[in-house]
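Chain A is the first sequence line, chain B the second, and so forth, proteins listed ahead of strands; every chain is numbered from 1.
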Protein chains: 2
Amino acid sequence: MKKTIFVFSALIVALLALFQLGKYSYLSGDISIEVAIAVVAIIFFIIGVYINKKTLAKKPTTLPTIDSKKINELGISNREYEVLVHISKGMSNKEIAEELFISESTIKTHVSNLLVKLDAKRRTQAIQKAKDLEILSP
Amino acid sequence: MKKTIFVFSALIVALLALFQLGKYSYLSGDISIEVAIAVVAIIFFIIGVYINKKTLAKKPTTLPTIDSKKINELGISNREYEVLVHISKGMSNKEIAEELFISESTIKTHVSNLLVKLDAKRRTQAIQKAKDLEILSP
DNA sequence: TTACCTCTCATACTAAAGTACCAAAATCAA
DNA sequence: TTGATTTTGGTACTTTAGTATGAGAGGTAA
């Protein structure tokens, strides 16, 4: 909002400056009206494009939020979440174990706990539910 | 691209028209130069905003496209794809079999074929690859 | 220190998942 | 109708996944 006010203030100032330029060129005849208008047109066209780009750039609030509140609400621990992420990448328990330098048994424990906490019967279902709960990026 | 050319052509025409308007107002003195410039500024500002909105509106090419070309390229049949969709929902082979009114053996066959065609070792990996290939909605 | 939680690991078992190989219907294009 | 492809199904087997249970190590708050 503050930026918007600032930008429009700048626009007004620019307009006033151009008025003076217009009067000057009109009186002196140094600059043709065509050129002045063309310059004004180009400048404001660019300003229009720029402002809109700034505005729309922020707009995509299409929540790519990898929320952490629900993770705590579900009682999912750090390690468990880490395992969950690896599962969603399509890794096997063995591969995850090697990746995290712990035994496959431990992974199985984490997975079992995850399934309970996510109320899922399978790891594939856990992936789905986790994404629905926005604790995993789609 | 064609539209871009069209728009800029229109812009040029508009500029030329404004030149004439400028000359006319200059000669007749009916319209002050300040007003003319202000009008030009506003018009082109709006044009700039409009064009940019059009451009950026298409930009979010966040293809929610459930593409079908790659499905054929990978040699995935209709039934196999149907099974793939159910897998991505987190369903077990047995559940898919009941859903599609066919035996679990058949599902296993389809899944095996899918894994080969998607170059995956596990169903979870198949889900990931399928989404990367944009044959499954994220 | 006790109580509690997280992380770790193991064993033993059940249940899915996946592979390999084969083969009979069904579908479809030539 | 022939030939190719898809869909279906089975058996037998191997491999992951997942459950149940128990337990030790380390950190933390009461």
* Asked: Are any of A/Arg122's side-chain N or O atoms less than 4.0 Å away from OP1 or OP2 of C/dA16?
  -> no
* In whole angstroms, how far is the C1' atom of C/dT19 from the CD atom of B/Glu104? -> 14 Å
* A/Lys70/A/Glu73 ion pair, N-O < 4.0 Å -> no
* To do: Report yes or no: does B/Lys108 contribute a side-chain atom to a donor-acceptor pair with the main-chain N or O of B/Asn93 at less than 3.5 Å?
  => no
* Under 4.0 Å between a side-chain N/O of B/Ser103 and OP1 or OP2 of D/dG9, yes or no? -> yes
* Give the intermediate values and the outcome of salt bridge (Lys or Arg N to Asp or Glu O under 4.0 Å) for residues B/Glu99 and B/Lys89. => CA-CA 12 Å; B/Glu99 183 88 5; B/Lys89 291 179 182 173; over 6 Å; no
* When the distance from NZ of A/Lys94 to C1' of C/dC9 is rounded to whole Å, what number comes out? -> 17 Å
* What's the CG-P distance between B/Asn113 and C/dT19, to the nearest Å? -> 10 Å
* **Per B/Leu115 side chain, nearest of listed nucleotides C/dC9, C/dG18, C/dC7** => C/dG18
* Asked: Between atom CZ in B/Arg79 and atom P in D/dT7, what is the gap in whole Å?
  -> 8 Å
* **Distance test, side-chain N/O of B/Ser112 to OP1/OP2 of C/dT19, below 4.0 Å** => yes
* Please tell me which of B/Thr124 and A/Leu100 maps to the more 5' nucleotide of DNA chain C, matching each residue to the nucleotide holding its nearest heavy atom. => A/Leu100
* Heavy atoms from other residues, nucleotides or ligands near NZ of A/Lys131 exceed 12 (cutoff 6.0 Å) -> yes
* Asked: Counting just side-chain N and O atoms, does A/His110 come under 4.0 Å of either OP1 or OP2 of C/dC9?
  -> no
* Structure fact -> Atom NE2 of B/His86 and atom P of C/dA16 are separated, to the nearest Å, by 18 Å
* N/O (side chain, B/Ser77) to phosphate O (OP1/OP2, D/dT7) under 4.0 Å -> yes
* Asked: Any side-chain N or O of A/Thr106 under 4.0 Å from OP1/OP2 of C/dC9?
  -> yes
* Nucleotide C/dT19, atom P - distance to NZ of B/Lys117 in whole Å -> 14 Å
* Is there a side-chain polar atom (N or O) of A/Asn93 under 4.0 Å from OP1 or OP2 of D/dT16? -> no
* Asked: Atom CD1 of A/Ile76 and atom C1' of C/dC5: how far apart are they, to the nearest Å?
  -> 16 Å
